[in-house]
**Q** 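The structure's right below; bear with me while I get my questions together.
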Amino acid sequence: MISSIIGQLFGIVPFGDIVFGFSEFSIIGFVVALIFTIVVYLTKPEKQLEAQKFRVEDKLEVVSLEELKIRRMMAIVCGIATAGAMLTYDLFDYALFLTLVGIANIGIVSAVKKDWVLNASYQYGLIAMIATLPLFGSAGMILAKTGTLSLFELPKIPTSLLFEKIIFAAGMAGETGIAPFYASKAEMFRAPGSPYILMIHLSSLLLIVRTVEILLTI
Amino acid sequence: MKKLGKIWNYLSKPEVVPRIFSIFIALIFVFGLLMPHYLNPDQLYPKPVPHSQTLKTPLAPYDRGGVPLKVPAKLKSQYPQYEPDLGMITAYLTPVANWIKDKTYYFGTTIVSTPGGILDEILYYTRGMDTVLESSILLISFIIFSWMFFNKD
Amino acid sequence: MDEERKCGLYLLIIGLLCTFGIVMFKGMICYLLYVIAVPCLLYGIGSYLIPKTRRKNAGRLPFRGF
Amino acid sequence: MDSSIINVVNLTIHAFLVGSLLLGLHRKIIARIQGRPGPPIIQYLLHTIKFYVKEITFPITAGNPLYIFVALLDVSVWLTALIIAIDLKSSLLIIIGIYVLQKIVEHGCGLSSGSPYGKIGGVRSVFSAAAEVPLFAVVAAIYLTTHSVLISDILNYQSIHGSLLFKMPICAFAFFILLVSKAPNSPFGIVKGKDIVSGYMTEHYGLLASIIYIAEAIAYFALLWIFIAVFIGPWVVSHPLITLAVMVGLTVILAFVNGLTPLLAPHHSVMLQMTIAGLVLCDVLYRLIMGG
């Protein structure tokens with residue numbers, strides 16, 4: 001049943017009730033997230049040549065060193081959280097990883113001193129905060145209805161989880177900012193410093209795919 | 001078609017998005033009120049009856065019994081085969097926490113209990129990863145706030 | 001050696017190592033190495049085929065206001 | 001050495017050549033629709049080879065090594081798609097993951113060069129990712145019908161029950177919209193629109209452009225193959241010549257769609273795709289309620 005979605009399961013790493021599993025699907029996601037984290041760590045931020053208001057010459061916008069440090073750190077946290085979210089086979093743990101990614105995403109842009117970027121990230125922060133309610137609410141309701149949170153056990157329990165799945169998807173939509181809630185996030189991407197911004201995009205896209213997998217499994 | 005274009009343009013403003021999202025969530029929850037909900041009696045993480053431990057044990061409502069490293073506490077685990085030492089360390093308290101425990105009946109619900117390792121998940125022992133993640137979420141948000149505070153000019 | 005060829009050299013080495021790995025190993029890892037090897041070799045070989053740049057200020061693109 | 005690797009090498013070269021020629025054909029048909037003679041059909045291939053031996057310099061504004069890495073990643077991504085889809089016939093969900101990485105490539109290409117055009121292309125790629133990813137609700141619908149997302153199982157299901165195109169027309173339409181948005185000059189092509197020079201490709205020139213062209217040819221082949229395999233059926237993909245014929249047919253249709261429609265404004269393109277995704281979601285809900 002489960003192998004018809006994720007491919008072959010190669011092995012697991014148990015941390016108590018929380019089990020990290022290595023399947024074809026999760027290995028690819030994990031490796032991609034890690035490789036991107038390394039590349040983001042190595043890459044220097046790009047410089048933008050911006051036209052000036054009321055002047056002829058252009059200005060080279062450079063990301064300052066201390067801003068770079070905090071943003072790089074947040075990008076790495078985001079990458080590690082994404083890699084973890086790919087592996088975990090526990091619903092509540094996955095929701096926590098999702099929230100960690102959301103917080104780190106705000107962190108990546110919060111150091112940019114441009115007011116429209118900060119405004120957009122504030123709006124995104126509001127959405128992320130609202131989204132934790134359906135996310136954890138869904139995990140809690142699934143626990144109450146089935147008595148377990150493990151993604152290996154949930155498919156074996158014959159219970160209709162339609163409403164829980166819908167609110168889990170809604171929580172994920174808010175946390176990762178897919179359409180039609182993309183507007184605030186897209187505005188964040190205008191900030192300079194490409195490698196870190198890339199991490200926001202990567203994490204949310206990988207998490208969407210992973211959520212689809214989870215919702216199909218349980 | 002023109003009206004549709006206007007609606008689409010309205011949706012693309014950042015400050016509108018939280019409003020729409022919360023309306024969307026509210027609609028879903030209203031839909032949820034119509035669905036049947038019930039509790040599965042066979043729970044993986046059973047809770048004691050409310051107030052059954054209050055004023056009887058200082059660790060209320062999180063007392064699971066057991067003596068550290070000697071008698072295992074009463075716990076259920078999803079995968080018992082991975083945890084031979086299940087429940088052995090759940091009753092562990094630091095010396096400071098022990099001292100406070102002797103003074104009050106409300107220790108289990110105080111913030112002081114956190115360093116002693118009496119958070120629900122640690123009591124359960126089986127969900128250690130969650131505790132790490134929860135505290136790292138707090139830590140990250142604190143880092144962001146403090147960076148913005150020190151570089152606010 | 002300019003920067004483009006230096007990158008090309010590194011990637012060529014990675015690509016050749018992966019090719020060696022494809023010949024040595026069997027199974028799933030071959031696919032993984034193949035996927036890494038092809039783009040590395042494409043860039044690695046290409047970077048030695050391309051002519052040296054004749055621009056005066058390499059990297060300062062003319063249409064960008066420099 | 002594993003003999004399956006030789007198959008994969010064959011497959012890669014086949015995909016590259018067929019994809020390039022189809023893209024050339026696409027361009028030719030659009031030119032004929034507009035009343036121009038148009039370039040020869042091998043033009044795309046010629047472009048690729050020509051750019052392969054052209055000089056490059058890294059712009060001083062670029063963020064290295066991301067600047068090179070994304071171009072190489074593009075090839076890796078679509079090679080993985082070829083292997084997973086055609087050689088191993090594995091999970092369709094992994095294919096979505098790969099499509100998602102393609103969006104990352106567009107975004108990374110656009111942003112790593114520091115060019116304003118590339119930047120707009122990258123930001124638009126984020127917009128369109130927000131709309132294209134929900135289209136993969138198609139996978140959920142397929143799962144509800146066939147009870148598997150492995151391509152081999154889907155092919156088996158179709159050989160017994162007939163092709164999925166008639167069973168789930170809405171999903172097929174949504175996937176077709178994805179193909180349209182990936183084809184050149186498409187109405188949803190806000191990422192590479194001519195209004196922003198060429199979007200994310202603006203500052204990847206010379207050798208790197210050639211590498212991206214190779215990846216795009218493979219991508220075009222792979223996406224067409226997946227559409228044919230998932231929606232039309234096993235009798236088409238079992239023989240390479242029939243596959244090729246159907247691909248040519250699809251390319252003609254795509255070229256007519258793209259040649260006759262204008263480029264949409266960014267938000268409108270996103271919301272139109274989103275509306276189609278909403279249709280698919282309604283379809284999925286209907287199947288859920290009817291099936292369960």
Side-chain angles (χ1 to χ4, degrees), chain C, chain D residues 1-9 11-13 16 48-49 51-62 64-65 67-84 87-88 90 98 113-118 197 202-203 205-208 210-212 214-215 218:
Chain C
M1 201 187 287
D2 49 0
E3 210 186 339
E4 293 79 34
R5 283 189 181 64
K6 210 158 62 184
C7 281
L9 185 63
Y10 293 147
L11 288 171
L12 198 60
I13 292 169
I14 296 174
L16 287 177
L17 282 180
C18 288
T19 319
F20 186 65
I22 293 172
V23 177
M24 294 293 292
F25 296 113
K26 258 186 194 301
M28 283 300 275
I29 192 143
C30 275
Y31 292 115
L32 194 67
L33 290 176
Y34 176 74
V35 166
I36 300 170
V38 170
C40 287
L41 285 178
L42 273 178
Y43 185 86
I45 296 169
S47 70
Y48 286 93
L49 291 180
I50 57 176
K52 247 191 154 44
T53 177
R54 288 194 296 275
R55 284 204 180 104
K56 258 189 209 127
N57 298 318
R60 290 176 168 256
L61 302 182
F63 53 87
R64 288 268 299 281
F66 287 112
Chain D
M1 186 144 127
D2 228 331
S3 64
S4 56
I5 285 296
I6 297 171
N7 287 341
V8 175
V9 176
L11 184 64
T12 312
I13 296 169
F16 168 60
T48 311
I49 295 164
F51 279 129
Y52 195 70
V53 289
K54 288 279 178 196
E55 65 171 70
I56 48 166
T57 55
F58 299 150
I60 54 166
T61 51
N64 258 330
Y67 180 69
I68 308 174
F69 175 75
V70 280
L72 302 185
L73 183 77
D74 206 3
V75 180
S76 297
V77 157
W78 288 107
L79 281 182
T80 321
L82 271 188
I83 292 175
I84 296 271
D87 201 47
L88 299 179
S90 185
I98 285 160
S113 61
S115 150
Y117 308 110
V197 191
T202 306
E203 296 219 344
Y205 49 94
L207 176 56
L208 289 173
S210 163
I211 290 176
I212 294 178
I214 292 174
I218 297 176

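Side chains included, hydrogens not; waters and symmetry mates left out as well; all remaining heavy atoms used. Residue numbers start from 1 in every chain, and the chains themselves are labelled A, B, ... in the order their sequence lines are given, proteins ahead of strands.
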**Q** Specify the closest pair of heavy atoms between Pro51(C) and Glu55(D), including all atoms of both residues, with the distance to one decimal.
**A** O-CB, 3.6 Å
**Q** What distance do Leu79(D) atom CG and Ile36(C) atom CD1 have between them, rounded to the nearest 0.5 Å?
**A**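 Rounded to the nearest 0.5 Å, the CG-CD1 separation comes to 11.5 Å.
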**Q** Which residues from residues 13-21 of chain C are near chain D, with near meaning under 4.5 Å between non-hydrogen atoms?
**A** none
**Q** Between Leu82(D) and chain C, which part of the residue has a heavy atom less than 4.5 Å away: side chain, backbone, both or neither?
**A**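 Neither part, no heavy atoms under 4.5 Å.
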**Q** Look at Asp87(D), Asp74(D), Thr80(D), Ile56(D) and state which one has the largest set of heavy-atom pairs under 4.5 Å with chain C.
**A** Ile56(D)
**Q** Sequence neighbours left out, what passes ring pair (Phe, Tyr, Trp, His ring centres under 6.0 Å) with Tyr52(D)? Give chain and number order.
**A**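 Tyr52(D): no ring pair (Phe, Tyr, Trp, His ring centres under 6.0 Å) contacts found.
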**Q** Under a 4.5 Å heavy-atom cut-off, does chain D meet the side chain of Ile45(C), its backbone, both or neither?
**A** both
**Q** Please find the pair of heavy atoms, one from Glu4(C) and one from Thr57(D), that lie closest to each other, and give the distance.
**A** OE2-CA, 3.5 Å
**Q** Give every residue pair that meets the salt bridge (charged side-chain N to carboxylate O under 4.0 Å, His left out) criterion with at least one member in residues 5-25 of chain C, sequence neighbours excluded.
**A**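 Matches after skipping sequence neighbours: Asp2(C)-Arg5(C).
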**Q** At their closest point, which heavy atom of Val75(D) faces which heavy atom of Pro39(C), and how far apart are they?
**A**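 Closest pair (atom of Val75(D), atom of Pro39(C), distance): CB-CB, 3.9 Å.
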**Q** Under 4.5 Å from any heavy atom of chain C, what part of Val9(D) do you find: side chain, backbone, both or neither?
**A**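 Both the backbone and the side chain of Val9(D) come within 4.5 Å of chain C.
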**Q** Is it the side chain or the backbone of Leu73(D) that comes within 4.5 Å of chain C heavy atoms, both, or neither?
**A**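 For Leu73(D), there is no contact with chain C at all, as no heavy atom is under 4.5 Å.
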**Q** Rounded to the nearest 0.5 Å, how far apart are OH of Tyr34(C) and CD1 of Ile83(D)?
**A**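 That separation rounds to 6.5 Å.
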**Q** Cys7(C): which residues meet the side chain to side chain contact (heavy atoms under 4.5 Å, CB included) condition with it, sequence neighbours left out?
**A** Tyr43(C), Phe58(D), Ile68(D)
